[in-house]
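The block underneath contains the structure these notes are about, expressed in structure tokens.
Here is the naming used below: chain letters follow the sequence lines, and residue numbers restart at 1 for every chain. The analysis underlying the following values was restricted to heavy atoms, covering all of them including side chains, and did not include hydrogens, waters or symmetry mates.
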Amino acid sequence: SQQGEEDPQALSIQEGENATMNCSYKTSINNLQWYRQNSGRGLVHLILIRSNEREKHSGRLRVTLDTSKKSSSLLITASRAADTASYFCATNTGFQKLVFGTGTRLLVSP
Amino acid sequence: EAGVVQSPRYKIIEKKQPVAFWCNPISGHNTLYWYRQNLGQGPELLIRYENEEAVDDSQLPKDRFSAERLKGVDSTLKIQPAELGDSAVYLCASSLDWGLEETQYFGPGTRLLVL
């Protein structure tokens, strides 16, 4: 079963704009991870944020985590056409059991 | 370094037929995972191996699905007999170990269509 849901389900923006996607989950977690999935390819790990962290950066990615609201957000700044993909949050509740959300489909137009 | 290898990439079968998927993890990775991803959904874990031992198979439909990881390296996932609802992408992933912060590396998946 899916741990939670992502919002929006689909997002369409222009190159150079920022993209924000949100993830809500249901149970306590050890960490939360974001993955990207390009069409026809496997998932690629982007970033991990621990349950005791509130914000983390990696290049053009910024992730926030609010454990009181059981939610996380992923911000991609200055988006590029190559960022077009589906983005999934995945919660780790222990012992490497990742539970994925439903995903956000991002389309970045040139 | 080679990534996770899966074969075949695509498979079309008729219902009630058997099907098998193969996965070769990244060299040296002790933990191997099989996920199923339905259209428009995120992946769902089917089974996790620590070396050759299946340590989490709670989501594996054991009446028709089976898996093995001989010698703790490559793995095979089998469905027999396949049903229409088994149409999905089957993803294999591996990680160096089973710690809480270990990154999972995914293969490209096998897209199964059951007619």
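Of the two parts of B:Q6, neither the backbone nor the side chain holds a non-hydrogen atom closer than 4.5 Å to a non-hydrogen atom of chain A. Proximity to chain B is absent for every atom of A:Q9, based on heavy atoms less than 4.5 angstrom apart.
With hydrogens and angles disregarded, a donor-acceptor distance shorter than 3.5 Å links the side chain of A:N38 to the backbone of A:T84.
For an aromatic pair to be called close, the ring centres must be under 6.0 Å apart, and A:F88 with A:Y35 fails this.
For B:L115, the CG atom counts as densely surrounded, since its 6.0 Å shell holds more than 12 non-hydrogen atoms of other residues, nucleotides or ligands.
At a heavy-atom cut-off of under 4.5 Å, chain B is reached by A:L48, A:R50 from residues 47-69 of chain A, listed in order of number.
For B:Y49, there are no ring pair (Phe, Tyr, Trp, His ring centres under 6.0 Å) partners at least two apart in sequence or on another chain. The side chain to side chain contact (heavy atoms under 4.5 Å, CB included) check on A:K70 picks up A:Y25, with sequence neighbours excluded.
Within the structure, the side chain to side chain donor-acceptor pair (under 3.5 Å) test picks out the following pairs touching residues 61-72 of chain B (sequence neighbours left out): B:R64-B:E83, B:R64-B:D86.
Relative ring orientation between B:H29 and B:Y105 is described as tilted, the plane-to-plane angle lying within the 30° to 60° band.
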